[in-house]
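First comes the structure, then the notes that go with it.
Positions are given from 1 along the sequence.
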Amino acid sequence: MTAITPIDLLADRGARELAQLATPEGWPTLDPDLLAAVIRGEDISGEWDADDHAPAYLALATLQQACDAANARVDRLAAGRALSTEETSLLRAYRLDLARYRLYDDTALADEHPVIRRYREADAFLARVAAGRETLGQSPSGTAGAPATSVDAPARLFTRDTLADYR
């Protein structure tokens, strides 16, 4: 299972959107190039003012929290399953959608906003998987996470007939 990171969000959404979403409250919107450098782990000491370093690292922490929450949600359902390439790709996209949604103030978005629609699609799919109405990968035993339909067990040793003398 491949977890997403802020680098994945950067590649998917771009530094400008992430700077607008993750800049800590009370600070001016971060320079997208500064945030991209912090996300990539580059040395920022020479190019940007030292006063801009703290909010950039706080923004990175916000992005990481969004990724961690999305990863945890998907990993709970996908744990122990052998996923196909298509399923892995789908779950990666859903992880990105879930993380992006966490960065937005959902009260400011209209119901038809693409972020809301993509979040709801991911949420609905994960709910169907959790309810067993949608399959996801193969479990290690070769089934799609379905419960066993038959059980092989030895015959009962203690039955009404064998215990009749102990009444």
Side-chain angles (χ1 to χ4, degrees), residues 1-131 134-140 144-145:
M1 188 64 38
T2 305
I4 61 166
T5 66
I7 291 175
D8 297 310
L9 281 174
L10 178 63
D12 186 59
R13 303 312 316 167
R16 183 169 313 285
E17 179 178 336
L18 295 182
Q20 292 169 348
L21 295 174
T23 297
E25 193 171 322
W27 295 86
T29 301
L30 289 169
D31 176 354
D33 293 331
L34 168 61
L35 182 59
V38 168
I39 291 171
R40 289 191 296 263
E42 298 172 2
D43 181 19
I44 61 168
S45 60
E47 289 189 52
W48 288 277
D49 189 38
D51 292 340
D52 294 331
H53 294 188
Y57 285 106
L58 289 172
L60 175 60
T62 298
L63 296 172
Q64 187 62 56
Q65 289 172 350
C67 290
D68 291 346
N71 289 328
R73 178 140 186 231
V74 172
D75 287 347
R76 274 196 312 264
L77 295 175
R81 298 174 193 250
L83 302 175
S84 68
T85 304
E86 294 82 16
E87 289 168 324
T88 301
S89 178
L90 174 70
L91 289 181
R92 182 183 184 284
Y94 284 159
R95 288 172 193 264
L96 290 168
D97 291 340
L98 294 170
R100 185 177 178 212
Y101 175 79
R102 288 185 63 86
L103 295 171
Y104 271 86
D105 177 9
D106 57 355
T107 59
L109 299 176
D111 281 347
E112 61 276 352
H113 193 281
V115 171
I116 298 289
R117 284 196 324 252
R118 291 174 73 171
Y119 168 79
R120 287 186 180 150
E121 180 183 329
D123 185 54
F125 175 78
L126 295 174
R128 288 192 308 271
V129 170
E134 183 91 43
T135 60
L136 180 63
Q138 293 292 315
S139 69

Output every pair passing salt bridge (charged side-chain N to carboxylate O under 4.0 Å, His left out) with a member in [range], not counting sequence neighbours, ordered by first then second residue.
| range | value |
| --- | --- |
| residues 12-21 | Arg13-Glu17, Glu17-Arg100 |
| residues 35-48 | Arg40-Glu42 |
| residues 119-128 | Arg73-Asp123, Asp111-Arg120, Arg128-Glu134 |

Kindly list each side-chain donor-acceptor pair under 3.5 angstrom involving residues 3-10, sequence neighbours excluded, with atom names and distances?
unit_1	atom_1	unit_2	atom_2	d
Thr5	OG1	Ile7	N	3.3
Thr5	OG1	Asp8	OD2	3.4
Asp8	OD1	Arg92	NH2	3.3
Asp8	OD2	Thr5	N	2.9

Restricting to non-hydrogen atoms, name the atom on Ala36 and the atom on Ala15 that form the minimum distance, rounded to 0.1 Å.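 Looking at all heavy atoms of both residues, the shortest contact is CB-CB, 4.0 Å.
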
How close do Ala78 and Leu91 get, heavy atom to heavy atom, and via which atoms?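 Closest approach of Ala78 to Leu91: CB-CD1, 4.1 Å.
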
Heavy-atom distance under 4.5 Å between the side chains of Asp97 and Tyr119, does that happen here?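 A side-chain contact under 4.5 Å is absent here.
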
Within the 4.5 Å heavy-atom criterion, are Leu18 and Leu103 side-chain neighbours or not?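 The answer is yes, as the side chains (C-beta and beyond) meet within the 4.5 Å cut-off.
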
Nearest 0.5 Å please: distance from the [atom1] atom of [X] over to the [atom2] atom of [Y].
| X | Y | atom1 | atom2 | value |
| --- | --- | --- | --- | --- |
| Leu77 | Leu126 | CG | CG | 5.5 Å |
| Ile39 | Gln64 | CD1 | CD | 10.0 Å |
| Leu35 | Thr23 | CG | OG1 | 7.0 Å |

Answer yes or no: is there a donor N or O on one side and an acceptor on the other, between the side chain of Ser89 and the main chain of Thr85, under 3.5 Å?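 No; zero donor-acceptor contacts below 3.5 Å.
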
N/O donor to acceptor pairs below 3.5 angstrom from side-chain atoms of residues 25-32, sequence neighbours left out:
unit_1	atom_1	unit_2	atom_2	d
Asp31	OD1	Asp33	N	3.0
Asp31	OD2	Trp48	NE1	3.0

Considering residues at least two apart in sequence or located in another chain, which fulfil the side chain to side chain contact (heavy atoms under 4.5 Å, CB included) criterion with Asp49?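 Applying side chain to side chain contact (heavy atoms under 4.5 Å, CB included) to Asp49 gives Asp51, Asp52.
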
Pairs involving residues 50-95, ordered by first then second residue, that meet ring-ring contact (aromatic ring centres under 6.0 Å, His included) (sequence neighbours left out):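 Matches after skipping sequence neighbours: Tyr94-Phe125.
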
